[in-house]
There are 2 protein chains.
Amino acid sequence: MALNDTDVTDAALAILDEYGLADLTMRRLADSLGVRAGALYWHVSNKQTLLAGLVTVILDGLEEPAGPWRAGLAGWADALRSRLLAHRDSADLVATMRAIGMAATDLADGPAACLTGAGLEPERAGLGARTLVHFVIGHVNEEQQRVQLGPLAGEDAPPVPSGAEDFRAGVGLLLDGIAAQFP
Amino acid sequence: MALNDTDVTDAALAILDEYGLADLTMRRLADSLGVRAGALYWHVSNKQTLLAGLVTVILDGLEEPAGPWRAGLAGWADALRSRLLAHRDSADLVATMRAIGMAATDLADGPAACLTGAGLEPERAGLGARTLVHFVIGHVNEEQQRVQLGPLAGEDAPPVPSGAEDFRAGVGLLLDGIAAQFP
DNA sequence: ACCTGAACACCGTTCAAGT
DNA sequence: ACCTGAACACCGTTCAAGT
């Protein structure tokens with residue numbers, strides 16, 4: 001029975017979750033599908049668009065921020081963090097794809113629209129939105145990296161409290177900064 | 001005349017500046033030094049510590065923030081941005097090395113100390129400092145990526161104003177948020 | 001002490017040829 | 001339509017052997 005395109009994406013996501021981004025190679029993915037590496041290129045044009053597809057799946061169903069801007073953005077940031085934490089190395093993956101420019105529908109668009117809707121001028125809204133997205137991705141990236149390094153590093157781990165409360169505090173700090181931008 | 005260890009670092013930095021991080025391979029570095037790839041391992045234990053050495057050089061001489069916290073952090077952020085902008089892909093490089101855990105003297109320590117010195121409790125100071133570092137690296141990363149993609153993308157580039165003024169506005173937003181953390 | 005030659009175990013990607 | 005076999009042009013790293 002022949003492979004279909006979603007089989008490939010699903011298998012790639014499984015490898016990502018179990019072995020991490022560094023071990024997600026085309027050859028390994030082919031192995032897990034019982035096929036030779038070259039066969040993958042019938043279903044996907046190259047590795048980069050495959051990874052972009054993973055990002056789409058990971059972020060699928062993330063709703064735009066709604067309601068009063070402050071609570072809306074806080075909830076949206078929480079939801080984004082949850083989706084990222086659900087898949088190993090996803091923050092790293094998303095950061096890489098954003099850097100390459102493949103953001104498809106850019107993550108910051110929703111928050112930016114939320115802020116302009118609340119009366120902030122577009123430039124400041126865009127800045128606040130991008131800063132928020134940076135923070136979420138950066139924070140989750142640290143959280144996910146710590147999981148990988150945790151077993152290695154001894155009890156002398158860096159004094160980074162982290163976790164959900166640290167995240168919320170950081171978001172609160174940012175929202176305070178954004179609040180100060182309003183006229 | 002035999003190679004010494006700083007020759008290797010210097011040549012690596014030259015390749016980084018001219019061809020970017022993706023093209024900085026051990027084999028290419030060896031070529032530029034007129035030597036075979038294996039020879040590099042006499043001078044450097046592996047590629048990762050070589051890259052860590054580059055980060056050290058790039059950040060060398062960056063002074064800790066001084067004076068009143070707000071102006072001190074703003075100036076420090078500017079100085080960090082300048083050092084990063086001086087070398088191609090340096091923000092990507094620094095972000096990668098921080099993620100790996102090799103931060104040597106962590107960038108956020110200086111700002112954190114500045115904030116605790118100004119009377120902020122250590123947890124909030126650490127959070128504010130890390131958020132600031134995230135922002136600087138993330139922002140410069142975007143600036144440097146845009147340079148690479150600029151020639152490819154047409155005039156329909158994303159509406160990201162960026163540059164020095166955008167950077168300063170972002171830092172200002174963050175500092176407002178930090179100010180709100182003070183008791 | 002410093003480097004070469006040659007290998008090992010990998011990569012992503014292409015493409016004729018098979019079914 | 002879908003896949004194999006085999007190649008191309010690479011990687012980082014090791015290590016005997018040379019000088």
Side-chain angles (χ1 to χ4, degrees), chain A residues 1-56 88-89 92-97 99-102 148-149 152, chain B residues 1-16 18-56 88-89 92-93 95-97 99-102 148-149 152:
Chain A
M1 43 192 148
L3 247 49
N4 66 48
D5 302 17
T6 40
D7 286 342
V8 177
T9 302
D10 288 352
L13 201 58
I15 292 182
L16 181 70
D17 284 342
E18 201 164 355
Y19 304 101
L21 187 57
D23 284 355
L24 176 50
T25 71
M26 296 301 271
R27 295 177 125 95
R28 185 160 182 150
L29 174 58
D31 272 7
S32 87
L33 289 164
V35 98
R36 300 312 198 88
L40 295 176
Y41 291 84
W42 182 264
H43 298 98
V44 80
S45 51
N46 53 40
K47 186 176 181 180
Q48 197 151 135
T49 67
L50 170 69
L51 295 182
L54 291 187
V55 171
T56 302
R88 174 137 101 148
D89 290 346
D92 189 2
L93 175 62
V94 170
T96 304
M97 299 315 286
I100 305 296
M102 295 206 63
Q148 252 93 59
L149 296 179
L152 303 179
Chain B
M1 43 194 148
L3 247 47
N4 65 50
D5 303 18
T6 40
D7 285 343
V8 176
T9 302
D10 288 352
L13 200 58
I15 291 182
L16 181 71
E18 200 163 355
Y19 303 100
L21 188 56
D23 284 354
L24 177 49
T25 70
M26 296 301 272
R27 295 176 125 95
R28 187 162 179 145
L29 174 58
D31 272 8
S32 87
L33 288 164
V35 99
R36 300 312 199 85
L40 296 176
Y41 291 84
W42 182 263
H43 297 99
V44 80
S45 50
N46 52 41
K47 186 177 181 179
Q48 198 152 134
T49 66
L50 170 69
L51 295 181
L54 290 188
V55 170
T56 301
R88 175 141 110 154
D89 290 346
D92 189 2
L93 175 62
T96 303
M97 299 314 287
I100 305 297
M102 296 206 63
Q148 251 92 61
L149 296 179
L152 302 179

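Worth saying up front: this structure is predicted, and the values here are computed from it rather than measured. Per chain, numbering begins at 1; letters A, B, ... match sequence-line order.
Across the C1' atoms, dC15(D) and dC3(C) are found 12 Å apart, a figure rounded to whole Å. Across the C1' atoms, dA9(D) and dC10(C) are found 13 Å apart, a figure rounded to whole Å.
Nearer the 5' end of DNA chain C, as judged by each residue's closest nucleotide, is the contact made by D23(A), out of D23(A) and A39(A). For the pair Y41(A) and R36(B), both in contact range of DNA chain C, the more 5′-proximal nearest nucleotide belongs to R36(B). Toward the 5′ end of DNA chain D lies the nearest nucleotide of G34(A), the other residue of the pair R27(A) and G34(A) mapping further downstream.
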Next on the checklist: Could you spell out the base pairing of DNA chain D as a dot-bracket line? Use Watson-Crick and G-U wobble contacts where both distances are under 3.5 Å, [ ] for crossing pairs, | for partners on a different strand.
Outcome noted: ||.|||||...|||||.||
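Across all their heavy atoms, L29(B) and A12(B) have their closest contact at CD1-N, 3.5 Å. Among all heavy-atom pairs drawn from L21(B) and D89(B), the shortest one is N-OD2, 2.8 Å.
Under the rule for a side chain to side chain contact (heavy atoms under 4.5 Å, CB included), D31(B) has no partner lying at least two apart in sequence or in another chain.
Atom CZ of R88(A) is separated from atom CD of E18(A) by 8.5 Å, given to the nearest 0.5 angstrom. Summarising the geometry, atom CG belonging to L51(B) is positioned 5.5 Å from atom CG belonging to L93(B); distances are rounded to the nearest 0.5 Å. We find the NZ-CG distance between K47(B) and L50(B) to be 8.5 Å, quoted to the nearest 0.5 Å. Distance check: I15(A) CD1 to L13(A) CG gives 10.0 Å after rounding to the nearest 0.5 Å.
Taking every nucleotide of DNA chain C with any atom under 4.0 Å from a non-hydrogen atom of chain B, the first and last of them, 5' to 3', are dA1(C) to dA7(C).
For residues 2-14 of chain B, the set of pairs meeting the side chain to side chain donor-acceptor pair (under 3.5 Å) definition, not counting sequence neighbours, comprises N4(B)-T6(B).
Using a 4.0 Å cutoff on non-hydrogen atoms, no part of residues 8-22 of chain A comes near DNA chain C.
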What side-chain donor-acceptor pairs closer than 3.5 Å can you find for residues 33-44 of chain A, not counting sequence neighbours?
unit_1: H43(A); atom_1: NE2; unit_2: L3(A); atom_2: O; d: 3.0

